[in-house]
Amino acid sequence: MVMINKIFYKLKLSILLATSMVFVFGSLKVFATDIEFYQSNDILFYSPEDTVGDCIVKANNTDYSGGSILNSKQLEQLRSNAIFYQNAVAQPELAEFNIPWQVLAAIHYEETSLARGSSNADGPFQITSGGYPVKPSYTDAEFQDAADKAALFVKNKIGNLDLTKSDNIKRAFFLYNGAAGAYKTQALALGLTQNQADNGEGSPYVMNKADLKRDPGVEPTKSNNTWGQFIKNGGAVEYPADSSHYGAFIVYQSLSGLCAGGLASGGMDISQARDFMAIYRNDRNSLNYISSNHCKGFDPRSNCVGFSVYFMNKYTTIKGFKPSVTLTGNGVDITQNILLWNAGLNIVRDRTPAVYSVFSRDDHDPLDPGHTGVILGINVDKDQMIIGQASWCQPLSSFVPAIVSLKQWTKSPDYTFAHIEKYVKNI
Amino acid sequence: MYKRKKIITIIIVITALFVLTIWYFLQKSDYGPQLRIKNYDSKIKNLPNTRKQSIESMLYSTVKSNNADPQNVSDANIREGSNYQDYISDKKLYSGSFIVDLPSIKQSYVVNYKYSSIDNSIDNSGYPVLVSCLSGDKIIYSEFKCTDLLAPQYIDYDPIVKSLPYDTLKYRIRASVDSENKVTLIVNMDLSNEDYKIGREKSVNKYKAEISAWIVSLGLDPNKYTYDYIY
């Protein structure tokens with residue numbers, strides 16, 4: 001009898017242990033996706049309505065419509081030219097004028113697209129007194145000399161204008177370009193004041209692509225003959241003005257970092273990101289937003305490309321597919337393909353993450369399809385980014401937000417970001 | 001009375017064990033049906049069971065998509081000498097590759113995997129497991145029209161797309177594609193005062209010629225593209 005009792009006791013104990021094990025292991029899945037550590041963060045909320053003062057340039061090198069101002073080659077050239085501009089404005093005779101070096105850089109962009117040479121005798125800053133070497137590539141000494149003369153030319157034009165004021169910077173550009181009366185008339189016709197007209201608000205040289213009414217590449221400005229430019233020397237104003245080139249003040253403001261966005265905290269915190277990913281995992285209508293091409297045997301959402309495309313098609317106004325056929329490409333291709341699918345929007349693709357930008361990772365192996373996902377939140381102070389992502393042929397339950405190092409991703413040559421954030425709706 | 005109580009307890013225990021056993025075997029794997037690789041456990045180390053399930057599940061689906069019945073395959077084996085594994089300590093990341101042979105259906109595949117033991121590591125995302133078709137001198141059976149699961153997702157764009165955007169001080173070249181994959185090159189010309197002094201059309205023509213020369217330097221034919229010049 002005692003023996004039977006012992007067996008019963010052991011049996012009861014085994015059942016108790018087995019039952020406990022079932023519950024413990026059953027619960028582990030929950031803990032794995034619910035890390036307490038992340039709950040302590042305090043990531044700020046993103047507000048797309050945030051603006052900085054009266055800045056035209058919303059973020060580094062980005063114009064009013066989200067397009068990039070200078071291209072990669074021009075930015076590279078600016079970095080190597082900067083020391084010459086800085087030397088030029090630091091000449092002793094200019095000490096009291098406080099000419100920002102970015103003024104000289106913007107003029108250089110207007111005159112010869114930042115070239116370190118000239119196809120005529122007017123030099124890189126196109127000062128018509130002539131006498132500059134005519135060759136495609138100046139020596140450092142020749143270019144410094146040209147920059148020095150340009151800085152002195154600016155000083156002579158501005159008189160005693162206080163260049164700490166934006167209006168005076170505009171006026172300096174306008175004066176450099178000759179302050180044509182036709183552009184003052186153009187400003188007045190746009191409803192601007194006489195003072196604004198005198199500052200060059202009506203001149204494409206100063207303000208081209210500053211805003212919709214001065215952007216000759218888009219309607220109605222493209223067709224309504226309100227924003228024109230002198231195309232030929234001695235000719236009349238022609239409509240519309242050329243649409244690829246930015247006004248000097250827009251370039252100046254971008255370079256000055258006065259309105260620089262740079263890396264900014266915002267977006268979702270980890271708790272919100274978890275909820276957001278849960279929507280993806282549980283969305284019965286997901287096939288309305290993602291490609292039918294997917295890992296066979298798995299849910300169509302089991303794909304990193306699936307998540308990025310879902311995000312674009314559900315939460316933005318841009319196209320997350322190749323037109324007509326819903327092909328997507330692999331993770332590594334997505335940021336490039338976003339530009340192809342939305343060529344008319346001039347979407348910026350660079351190496352700087354932003355909240356709600358889409359990333360692609362390139363593992364630099366032709367056989368590796370890389371990765372893609374969406375930046376759901378950034379906390380600069382904590383060096384954290386929250387990533388929304390999915391994975392190829394993996395169970396839906398594994399699609400939870402990841403936290404990565406902002407610094408590591410920004411420094412890495414592996415990541416590119418397509419800046420679709422301005423097209424986000426309904427998050 | 002006491003004996004009766006024990007008999008009831010025994011019945012309850014046996015029933016509970018039976019239910020638990022049934023429940024255990026009915027648990028559906030997150031990874032769906034799998035094709036077992038016989039020597040996996042002796043060859044592949046440091047990976048969790050979920051990676052094994054992922055590999056064997058993807059192998060199952062890949063075999064199925066290549067017109068064979070994975071349920072009838074029981075001889076999958078990792079090829080001797082094909083297995084390697086790397087480890088990156090700061091990421092606690094194991095990555096590796098091996099070839100799996102399936103003699104009964106005369107097919108082979110290459111498996112690539114990644115696994116980091118850091119919770120929610122980005123390295124576990126994207127394409128942590130890939131089962132791909134074998135190529136070149138690694139093929140030991142006769143070739144078959146192999147397709148892998150990722151193939152339908154791939155878009156074969158014109159090769160110029162890989163070189164874009166292309167920037168110079170005077171222009172940026174981007175591309176758009178239509179539903180037939182036809183590429184239109186969008187060229188934003190950034191004309192400066194110097195260009196207007198030369199004459200706008202003359203300057204534009206000079207840059208058009210430069211762009212043609214650049215495309216030729218890529219080994220491509222500039223005449224096969226449509227251009228949209230914006231200035």
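Throughout, protein chains are lettered first and strands after them, A, B, ... in sequence-line order, and every chain is numbered starting at 1.
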Aromatic plane relationship, B:Y31 with A:F298 - under 30° parallel, 30 to 60° tilted, over 60° perpendicular: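 It falls in the perpendicular class, over 60°.
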Which answer fits [X], side chain, backbone, both or neither, if we ask what part of it has an atom under 4.5 Å from a heavy atom of chain B?
{"X": "A:T128", "result": "side chain"}
{"X": "A:E111", "result": "both"}
{"X": "A:N177", "result": "side chain"}

How long is the straight-line distance from OG of A:S118 back to NZ of B:K197, given to the nearest 0.5 Å?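 These two atoms lie 8.0 Å from each other.
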Step through the shown structure and confirm whether more than 12 heavy atoms of other residues, nucleotides or ligands are within 6.0 Å of NZ on B:K208.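 Yes, because the 6.0 Å sphere around NZ of B:K208 holds more than 12 heavy atoms from other groups.
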If we only count heavy atoms from C-beta on, is the A:N71 to B:P165 side-chain gap below 4.5 Å?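 The answer is no, as the side chains (C-beta and beyond) never meet within the 4.5 Å cut-off.
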Side chain to side chain, B:Y157 and A:Q336, heavy atoms closer than 4.5 Å: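 B:Y157 vs A:Q336: side chains apart.
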Interface moiety of [X] toward chain A, non-hydrogen atoms closer than 4.5 Å:
{"X": "B:I198", "value": "side chain"}
{"X": "B:I186", "value": "side chain"}
{"X": "B:V183", "value": "neither"}
{"X": "B:M189", "value": "backbone"}

Which residue is it: B:N188, B:D195, B:N193, B:D190? I am looking for the one with a side-chain hydrogen bond (donor to acceptor under 3.5 Å, both in side chains) to A:H245.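 Checked B:N188, B:D195, B:N193, B:D190 against A:H245; only one passes side-chain hydrogen bond (donor to acceptor under 3.5 Å, both in side chains): B:D190.
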Positive for side-chain hydrogen bond (donor to acceptor under 3.5 Å, both in side chains) with A:Q394, one of B:S54, B:S57, B:S125: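 So the option named by the test is B:S54.
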Under a 4.5 Å cutoff for heavy-atom pairs, which residue among A:N120, A:N337, A:D333, A:D368 has the most contacts with chain B?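 Winner by heavy-atom pair count: A:N337.
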